[in-house]
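Reviewing the structure listed below.
First listed ligand is number 1; within each ligand, the first listed atom is number 1. Just so it is clear, the values below take in all heavy atoms, side chains as well, and ignore hydrogens, waters and symmetry mates.
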Amino acid sequence: MTVTPATAATPTAHADAVVVGAGPAGSAVARFLADAGRDVVLLEKHTFPRDKVCGDALTPRAVRALSRLGLVAEAEGTAPGWHRQRGLRMYGGRVTRRADGTTDHEVVLDLPWPELPDWPAHSLTATRWVFDEALARHAEAGGAQLWQGCEVTGPVWLTDSQERIAGVTWHQRDADGAVTASGSVRAPVVVACDGNSSRLGVAVGLHRDQARPLGVAVRAYYDHQRPDLDMMEAFLDVEADGVLLPAYGWIFPLADGTVNVGWGQLDTSSHFRGVSYPKVLDAWVSGFPAEWGLSASTRQGRPASAGLPMSHNRRPAAHKGLLLVGDAAGMVNPFNGEGISYAIEAGALAAEAVDRALATRDDAPLAGYPAAVANEWGGYYRLGVTFAELIGNPTIMRWCRDHGMRSQVLMRLAYRFLAHLVDRRSADSIDRIINTVTRAVPAA
Ligand SMILES: Cc1cc2nc3c(=O)[nH]c(=O)nc-3n(C[C@H](O)[C@H](O)[C@H](O)COP(=O)(O)OP(=O)(O)OC[C@H]3O[C@@H](n4cnc5c(N)ncnc54)[C@H](O)[C@@H]3O)c2cc1C
């Protein structure tokens, strides 16, 4: 049952933990805490189903995270609205333009997802309309109270000194924007899962570290004419006015027969601010082979863009009794723009820390949460900061496109590295290289 503040008995409620934002991070934290027997209130400003600008791609890493959450049919891709793929198809090498303006790629590599002990060998797509509601309902089914249409407006402090958060205030608005209800929820621990701009994080004094990479990406949905498409597709040929951008583009097939098409780049690119993201998308799509049936005329709706906060760009992820998870803490992978799996994985670590803090009535486990995250992927994200600087250089990007994709050895290594599919204890030479390198550098 969905409990909303409108049906709650009092404007001031109490819980073991308050979770702000029911994206993948918040719903995961809420479900894991509910599984641990905790009384959780999950507040979401929108009402489900709701959209979120995204590529809608769930790599094998995200599939594993869904399995751990207990979303079995979804992780298999058999639930309605979910689509399953067997690998990644990469388009690179030199690009030639045909007389009709469409393009040919010199190199097209089919890379099935690797068969590894730690990871599933398939990926999935689901629109955020479907995906986020499935996760929020799963949290609710586990016992969390989901308060929808309920916007958190700020922290409740334990004392006037504002050293320790003790809950949040919220309000609801009607369709005209007038406030119709308001109140607060108090709890020993608050978890901010409120996305990229994390107003709650800012309210406790945590700002974005501008030195860490930030991505921007745009996406739109299209009808197409490749019904059997069972691969995710990635491209290194996105251009603005004939200049190759340090960017990657994608086509991800969806269960409803449409595709999610988009492209993104990092703020290390000199073209980061100077281009129109939707116009570049239109121009790039117009270069696809006519037989794919993708063009401005098959687009559904308008393109939409948003930011991708990377490499732990809001730190520390535990501050004044508040934990930050997912985009709120800048947990997007700087190598590939993936954020959903990390949001869920960090959600499990945050829930563990909260559960222990509640059991011991001590904040020490909360303070240990950032180290637990750093232990999982801090070294990898540190390398990602350097990667972002390198890839922002058009010469390096052009080299990757024109030469890097021709080397089988380099591509095998790059593929596993960029997708972050590494077995922790493995005799495989690729695992050993990646584990050694990522453990040798300090955590981001
Ligand atoms: C164009 C684009 C493409 C992307 N493609 C992919 C992809 O293909 N695969 C992938 O893994 N990642 C992708 N990402 C990244 C991914 O979308 C995010 O990393 C992921 O959504 C993070 O989840 P989250 O729960 O931390 O935040 P969000 O998904 O942003 O959820 C935050 C939630 O908090 C709610 N909220 C915010 N403020 C309040 C408030 N004050 N009160 C109550 N609720 C509040 C919001 O309504 C929202 O529901 C992409 C991002 C972009 C921009």
Side-chain angles (χ1 to χ4, degrees), residues 18-30 41-63 65-66 123-128 131-133 135-136 139 146-155 168-173 185 190-203 214-220 232 234 248-252 254 260-265 277 281 303-310 314 317 324-334 336-347 350 419-420:
V18 176
V19 181
V20 179
S27 293
V29 175
V41 173
L42 172 60
L43 296 111
E44 168 55 47
K45 69 178 175 186
H46 293 295
T47 305
F48 290 108
R50 62 112 180 84
D51 198 13
K52 149 89 177 82
V53 181
C54 189
D56 305 330
L58 302 161
T59 65
R61 193 176 185 100
V63 175
L66 290 176
S123 56
L124 298 165
T125 49
T127 62
R128 297 295 293 269
F131 179 81
D132 287 52
E133 178 161 32
L135 266 68
L146 172 63
W147 293 10
Q148 302 185 57
C150 198
E151 181 171 8
V152 168
T153 47
V168 296
T169 52
W170 56 264
H171 67 207
Q172 286 185 314
R173 292 178 185 275
V185 193
V190 180
V191 188
C193 303
D194 50 349
N196 181 18
S197 43
S198 187
R199 271 175 57 193
L200 196 57
V202 172
L214 179 83
V216 166
V218 61
R219 67 95 172 97
M232 292 187 168
Y248 94 90
W250 69 78
I251 299 179
F252 297 149
L254 293 161
N260 180 319
V261 184
W263 74 274
Q265 63 176 340
Y277 286 73
L281 179 68
S305 59
L308 296 99
M310 298 171 161
R314 200 185 306 273
L324 280 76
V325 184
D327 277 13
M331 288 184 177
V332 173
N333 179 340
N336 65 9
E338 175 180 9
I340 292 170
S341 56
Y342 301 97
I344 299 173
E345 288 178 51
H420 205 188

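Classification of the His420-Tyr342 ring pair by plane angle, with boundaries at 30° and 60°, yields parallel. A tilted orientation is assigned to the rings of Trp250 and Tyr248, their planes being inclined by 30° to 60°.
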Just do the side chain to side chain contact (heavy atoms under 4.5 Å, CB included) check on His46 and Asp51 with the steps written out, would you? CA-CA 9 Å; His46 293 295; Asp51 198 13; over 6 Å; no
Quick one: do Val168 and Leu43 satisfy side chain to side chain contact (heavy atoms under 4.5 Å, CB included)? Show the steps, please. CA-CA 10 Å; Val168 296; Leu43 296 111; 4.1 Å; yes
Test Leu124 against Leu66 for side chain to side chain contact (heavy atoms under 4.5 Å, CB included), laying out the working first. CA-CA 11 Å; Leu124 298 165; Leu66 290 176; 4.2 Å; yes
Step-by-step side chain to side chain contact (heavy atoms under 4.5 Å, CB included) determination, Thr59 to Met232: CA-CA 9 Å; Thr59 65; Met232 292 187 168; 5.5 Å; no
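In terms of heavy-atom proximity, Ser27 sits nearest to Ala136 at OG-CA, 3.3 Å. Residues Gly23 and Glu44 share a closest heavy-atom pair of N-OE1, 4.3 Å. Across all non-hydrogen atoms, the minimal contact from Arg128 to Pro24 is NH2-CD, 3.1 Å. Contact detail for Ala22 and Arg50: the closest heavy-atom pair is O-NH2, 3.9 Å. Across all non-hydrogen atoms, the minimal contact from Leu281 to Gly262 is CD1-CA, 3.9 Å. The two residues Leu254 and Asn260 have their closest heavy-atom pair at CD1-N, 3.9 Å.
In terms of modelled atom types and a separation under 3.5 Å, the side chain of Asp194 and the main chain of Arg199 share a donor-acceptor contact. No side-chain donor-acceptor contact under 3.5 Å links Arg219 to the backbone of Gly264.
Between the choices Cys54, Gly195, Ala306, the shortest heavy-atom distance to atom 2 (C) of ligand 1 belongs to Cys54. When Glu151, His171, Lys52 are ranked by how near their heavy atoms come to atom 30 (O) of ligand 1, first place goes to Lys52. Of the listed options Ser197, Ala217, Ala57, Ala346, Ala57 places a heavy atom closest to atom 7 (C) of ligand 1. Across Gly55, Gly26, Ala28, Cys193, heavy-atom proximity to atom 33 (C) of ligand 1 is greatest for Cys193.
Heavy-atom proximity to Gly23, at under 4.0 Å, picks out these atoms of ligand 1: 25 (O), 31 (O), 33 (C), 49 (O). Below 4.0 Å from some heavy atom of Leu43 lie the following atoms of ligand 1, by number and element: 43 (C), 44 (N). Listed by atom number, the atoms of ligand 1 under 4.0 Å from Gly21 heavy atoms are 33 (C), 34 (O), 35 (C), 44 (N). Counting atoms of ligand 1 from 1 in the listed order, those under 4.0 Å from a heavy atom of Gly326 are 26 (O). Near Val332, with a cut-off below 4.0 Å to any heavy atom, the atoms of ligand 1 are 19 (O). Short contacts between ligand 1 and Cys150, defined as distances under 4.0 Å to a heavy atom of the residue, involve ligand atoms 43 (C). Set against the non-hydrogen atoms of Ile340, the atoms of ligand 1 under 4.0 Å away are 10 (C), 11 (O), 12 (N). Short contacts between ligand 1 and His46, defined as distances under 4.0 Å to a heavy atom of the residue, involve ligand atoms 47 (O).
The protein atom (non-hydrogen) at minimum distance from atom 51 (C) of ligand 1 is Leu308 CD2, 3.4 Å. If you check which protein heavy atom lies closest to atom 48 (C) of ligand 1, you get Glu44 OE1, 3.5 Å. Distance from atom 44 (N) of ligand 1 to its nearest protein heavy atom, with residue and atom name: Lys45 N, 3.1 Å. Looking only at protein heavy atoms, the nearest one to atom 12 (N) of ligand 1 is Gly339 N, 3.1 Å. Nearest to atom 29 (O) of ligand 1 among the protein's heavy atoms is Arg128 NH2, 2.9 Å. Atom 14 (N) of ligand 1 has Gly337 O, 3.7 Å as its closest protein atom, hydrogens excluded (heavy atom only). Protein heavy atom in closest approach to atom 19 (O) of ligand 1: Asp327 OD1, 2.7 Å. Residue, atom and distance of the protein heavy atom nearest to atom 52 (C) of ligand 1 are Val53 O, 3.6 Å.
Under the 4.0 angstrom criterion for non-hydrogen atoms, Ala304 is not in contact with ligand 1. Residue contacts with ligand 1 leave out Gly262, since none of its heavy atoms falls under 4.0 Å from the ligand.
The CE atom of Met331 lies 10.5 Å from the CD atom of Glu345; values are rounded to the nearest 0.5 Å.
The side chain of Arg50, and not its backbone, has at least one atom closer than 4.0 Å to an atom of ligand 1 (non-hydrogen atoms only; side chain from C-beta on). When heavy-atom distances to ligand 1 are checked against a 4.0 Å cut-off, Asp56 comes that close only through its backbone atoms N, CA, C and O.
Between Val218 and ligand 1, no N or O atom pair is found at a separation short of 3.5 Å.
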